**Q** 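The structure follows.
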Amino acid sequence: MSESCGPGGCEVPPAAALSEPDAPLRIAVIGSGGAAMACAIRAAEAGARVTVIERGTLGGTCVNIGCVPSKVMIRSAEIARTRRISPFDDGITATAPRLDRAVLVAQQQGLVDSLRGAKYEDVLAGFPNIDVIHGEARFRDRTTLMVRETKGCQTDVPFGHVLIATGARPSVPDLPGLSGTPFWTSTEALVAPEIPPRLLVLGASVVAAELSQAFLRLGSQVTMLARSTLFSREDPLIGSTIQSVFEEEGMEVLTGTAVHSVAHDGAVFTVETNHGAKQAEHLLVATGRTPNTRTLGLEVLGVATTGDGAIVVDDRLAASVPGVWAAGDCSTMPQYVYVAAAAGTRAATNMLGGDARLDLTTMPAVVFTHPDVATVGLDEATAARRGLETVSRTLTLDNVPRALVNFDHRGFIKIVAEKGTLRILGVQAVAEHASELIQSAALAIHGGMTVTDLADQLFPYLTMVEGLKLTAQTFTKDVSKLSCCAG
């Protein structure tokens, strides 16, 4: 690796090498998560010389402290609940599970380590034109990064293009008494050595909802403190449906909650709210995420950012300064790893002279509660803000044969269509396997299908995705008067 520290200090390639006619394009990538990896791989495949700079653990949020470990925990919690209670308990004896948290964490982290090795460390090592530097990067100027390596010395990394893909960290609200207490963010909660008897959760969106239900099902008495409503930025039916599910399972959900202060006496948290004092052995703060851009020295570049530090990018992933690109959670793109990966690939293509754009019109979004929350396209409120007149239909799951045989009717499927043309604009669903059916909805919207087109398609019987067809049929029919698999 050319940018390395030896006994005599750091050796770096001369900046003049950037202007040599036959020299490969030099690309610096700050970060090593989904966006960073996608960019590095695409650029390296095209012959660029890539330097990946990572200040922490390779792999970024998703594999290490986000998507992968959280879904393992959520799945284990689902198994625990099914063994304790199910719609079939009259015929199948339920058994209270014995929980060994240490074993569950070891299994979870074993998968994390395995995926990080196979999909990040080994992949990077397989490209001779990708160098990896472990250290903290900061911009010296518009063509050079200075990196304080973890082993002590400083390295200058020249670049022709740079991708900033530094991710985000949990946001911590400025609440009286919170600082200095042993509260959890999602990072600590996912590897907590024990399931606490009681858990308070600040937050009401994706991370808060997923982890609240997981801890509830693993044995905690959970109280969720929502400043407004659950999923307040989504169709209101989503939040009310998930709240009903949580409360049915035994969670206390307090909406419209103002938190006044936090205290910890060495054993118990006390959170003072407008609903009174709430106590628990642990407190999980899940109130959003903040872009990791503060230490990069962006002021040297003059790059435009939002108030919370997210780098403003266009649909080509270009920042406001030529040669500077950003992707993933540190940018103004939606915070989903598949969006980050798609953005990283397109950024690399554009660095290499292409013109690739990221179209988010049919971006599916999923929350892995049980039942799932899944959305794509426009809801009614968003469509109205864009001046579109809409019609919609909402199908309850007692009309979906698969839900009937599962003896689980919780949730709904909703289709929003343009008035007159009946072109599908959006789909919102709370249902088991909604995370799977939403991609069919995305493809329908991408293809410009109308509800009539969708209603006329063949869907396999006794699947949740058949609910999309049934919902489309409700625009012209009363599906309660159809036979089980009427076309």
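Fair warning: this is a prediction, and the values are worked out from it, not measured in the lab.
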**Q** Given side chains that start at C-beta, do those of Met449 and Leu443 come closer than 4.5 Å, heavy atoms only?
**A** no
**Q** I'd like to know whether CZ of Arg410 has more than 12 heavy-atom contacts from other residues, nucleotides or ligands below 6.0 angstrom.
**A** yes
**Q** Kindly indicate, with the supporting measurements, whether the criterion side-chain contact (heavy atoms from CB on, under 4.5 Å) is fulfilled by Leu199 and Thr223.
**A** CA-CA 6 Å; Leu199 177 67; Thr223 298; over 6 Å; no
**Q** Taking atom CD of Glu299 as the centre, does the number of heavy atoms from other residues, nucleotides or ligands within less than 6.0 Å exceed 12?
**A** yes
**Q** If you define the side chain from C-beta out and look only at heavy atoms, does anything of Gln213 sit under 4.5 Å from Val245?
**A** yes
**Q** Main chain of Asp89, side chain of Thr93: is a donor-acceptor contact present, judged purely on distance under 3.5 Å?
**A** no
**Q** Do Ile413 and Leu468 come close enough that some side-chain heavy atom pair is under 4.5 Å?
**A** yes
**Q** Please confirm whether the backbone N or O of Thr255 pairs with a side-chain atom of His275, one donor and one acceptor, at under 3.5 Å?
**A** yes
**Q** I'd like to know if the side chain of Ser212 reaches the main chain of Ala209, judged simply by a donor and an acceptor atom lying under 3.5 Å from each other, with no hydrogens or angles considered.
**A** no
**Q** Considering all heavy atoms of both residues, which atom of Gly448 and which atom of Arg423 are nearest to each other, and what is their separation?
**A** O-CG, 4.3 Å
**Q** Once side chain to side chain donor-acceptor pair (under 3.5 Å) is applied, what residue pairs with a partner in residues 366-383 remain, sequence neighbours excluded?
**A** Arg217-His370, Asp372-Ser435, Asp379-Thr382, Glu380-Ser392, Glu380-Lys414, Thr382-Arg385
**Q** Do Val366 and Ile438 have side chains that get closer than 4.5 Å, going by heavy atoms?
**A** yes
**Q** Rounded to the nearest 0.5 Å, how far does CG of Leu230 lie from CZ of Phe246?
**A** 6.5 Å
**Q** What distance separates Leu358 CG from Met333 CE, expressed to the nearest 0.5 Å?
**A** 5.0 Å
**Q** I need the Leu437 CG to Glu432 CD distance, nearest 0.5 Å.
**A** 11.0 Å
**Q** Would you say Ser220's side chain and Leu216's backbone share a donor-acceptor pair under 3.5 angstrom?
**A** no
**Q** Nearest 0.5 Å, what's the CZ-OG1 distance between Arg42 and Thr349?
**A** 4.0 Å
**Q** What residues, two or more places apart in sequence or in another chain, satisfy ring pair (Phe, Tyr, Trp, His ring centres under 6.0 Å) together with Tyr336?
**A** Tyr338
**Q** Of all heavy-atom pairs between Val29 and Cys39, which one has the smallest distance, and what is that distance?
**A** CG2-SG, 4.2 Å
**Q** Looking at Arg83, I'd like to know if its CZ atom is crowded, meaning that more than 12 non-hydrogen atoms belonging to other residues, nucleotides or ligands lie closer than 6.0 Å.
**A** no
**Q** Taking C-beta and beyond as the side chain, do Phe407 and Ser86 meet within less than 4.5 Å on heavy atoms?
**A** no
**Q** Before you tell me yes or no, could you show the steps for Trp325 and Ile311 under side-chain contact (heavy atoms from CB on, under 4.5 Å), namely the whole-Å CA-CA distance, both residues' side-chain angles and the distance that decides it to 0.1 Å?
**A** CA-CA 9 Å; Trp325 312 76; Ile311 298 168; over 6 Å; no
**Q** So does Lys469 pair up with Glu466, basic N to acidic O under 4.0 Å?
**A** no
**Q** Between Thr61 and Gly66 (side chain of the first, backbone of the second, donor and acceptor by atom type, cut-off under 3.5 Å), is there such a pair?
**A** no
**Q** With a 3.5 Å cut-off and no angle check, do the side chains of Glu418 and Thr390 form a donor-acceptor pair?
**A** no
**Q** Using the ring pair (Phe, Tyr, Trp, His ring centres under 6.0 Å) rule, collect all pairs that involve residues 408-466, keeping only residues at least two apart or in two chains.
**A** none
**Q** Begin with the C-alpha distance, continue with both residues' side-chain angles, and end with the deciding distance and a verdict on side-chain contact (heavy atoms from CB on, under 4.5 Å) for Ser186 and Leu211.
**A** CA-CA 8 Å; Ser186 58; Leu211 293 185; 3.9 Å; yes
**Q** I'd like to know whether CD of Glu194 has more than 12 heavy-atom contacts from other residues, nucleotides or ligands below 6.0 angstrom.
**A** no
**Q** Quick one: list whatever passes side chain to side chain donor-acceptor pair (under 3.5 Å) with Ser480, sequence neighbours left out.
**A** Asp478
**Q** Does a donor on one side chain sit under 3.5 Å from an acceptor on the other, for Gln243 and Ser240?
**A** no
**Q** I'd like to check Val191 versus Pro69 (side-chain heavy atoms, cut-off strictly below 4.5 Å). Are they in contact?
**A** no
**Q** Output yes when Asp314 and Arg316 qualify as a salt bridge under the 4.0 Å nitrogen-oxygen rule, no when they do not.
**A** no
**Q** What pair of heavy atoms forms the shortest contact from Thr241 to Gly411, and how long is it?
**A** CG2-CA, 4.0 Å
**Q** Any idea which heavy atoms bring Val313 and Thr332 closest together, and the distance?
**A** N-OG1, 3.3 Å
**Q** Say you draw a straight line from OG1 of Thr287 to CG of Leu175; how long is it, rounded to the nearest 0.5 Å?
**A** 8.0 Å
**Q** State, with a plain yes or no, whether a side-chain heavy atom of Val206 is found less than 4.5 Å away from one of Phe368.
**A** no
**Q** For the pair Asp398 (side chain) and Ala403 (backbone), establish whether a donor and an acceptor sit closer than 3.5 Å, ignoring hydrogens and angles.
**A** no
**Q** Could you report the tightest heavy-atom contact between Asn64 and Leu58, atom names first, then the distance?
**A** ND2-O, 3.0 Å
**Q** Kindly write out the residues that satisfy side chain to side chain donor-acceptor pair (under 3.5 Å) with Thr187, not counting sequence neighbours, or none if the list is empty.
**A** none
**Q** Give me the one residue out of Thr290, Asp329, Asn292 that meets side-chain hydrogen bond (donor to acceptor under 3.5 Å, both in side chains) with Arg169.
**A** Asn292
**Q** Distance-only, no hydrogens or angles: does the Asp308 side chain make a donor-acceptor pair with backbone N or O of Ala310 under 3.5 Å?
**A** yes
**Q** Which heavy atom of Gly59 sits nearest a heavy atom of Ser32, and at what distance?
**A** N-OG, 3.0 Å
**Q** Between Gln279 (side chain only) and Thr270 (backbone N and O only), is there a donor and an acceptor less than 3.5 Å apart?
**A** no
**Q** Would you check if the side chain of Arg101 reaches a backbone N or O of Ala192 as a donor-acceptor pair within less than 3.5 Å?
**A** yes
**Q** What do the steps show when you test Val201 against Leu225 for side-chain contact (heavy atoms from CB on, under 4.5 Å), and what is the final call?
**A** CA-CA 6 Å; Val201 179; Leu225 305 175; over 6 Å; no
**Q** Salt bridge check: are Arg116 and Glu121 linked by an N-O gap of less than 4.0 Å?
**A** yes
**Q** More than 12 heavy atoms of other residues, nucleotides or ligands under 6.0 Å from CZ of Arg357: yes or no?
**A** yes
**Q** Is there any salt bridge (Lys or Arg N to Asp or Glu O under 4.0 Å) pair reaching into residues 267-296, and which pairs are they, with sequence neighbours excluded?
**A** Arg198-Glu281, Glu252-Lys278
**Q** Check this for me: does any side-chain nitrogen of one of Glu249 and Arg81 sit under 4.0 Å from a carboxylate oxygen of the other?
**A** yes
**Q** I'd like to know whether Trp184 forms a ring-ring contact (aromatic ring centres under 6.0 Å, His included) with Phe269, so could you lay out the CA-CA distance, the side-chain angles of the two residues, the decisive distance to 0.1 Å, and finally the verdict.
**A** CA-CA 12 Å; Trp184 289 342; Phe269 280 91; 9.0 Å; no
**Q** Scan side-chain atoms only and decide if Thr185 and Glu188 contain a donor-acceptor pair under the 3.5 Å cut-off.
**A** yes
**Q** For Ala342, is there any backbone N or O sitting under 3.5 Å from a side-chain donor or acceptor partner on Arg346?
**A** yes
**Q** Between Thr474 and Val451, is there a side-chain heavy-atom distance shorter than 4.5 Å?
**A** no
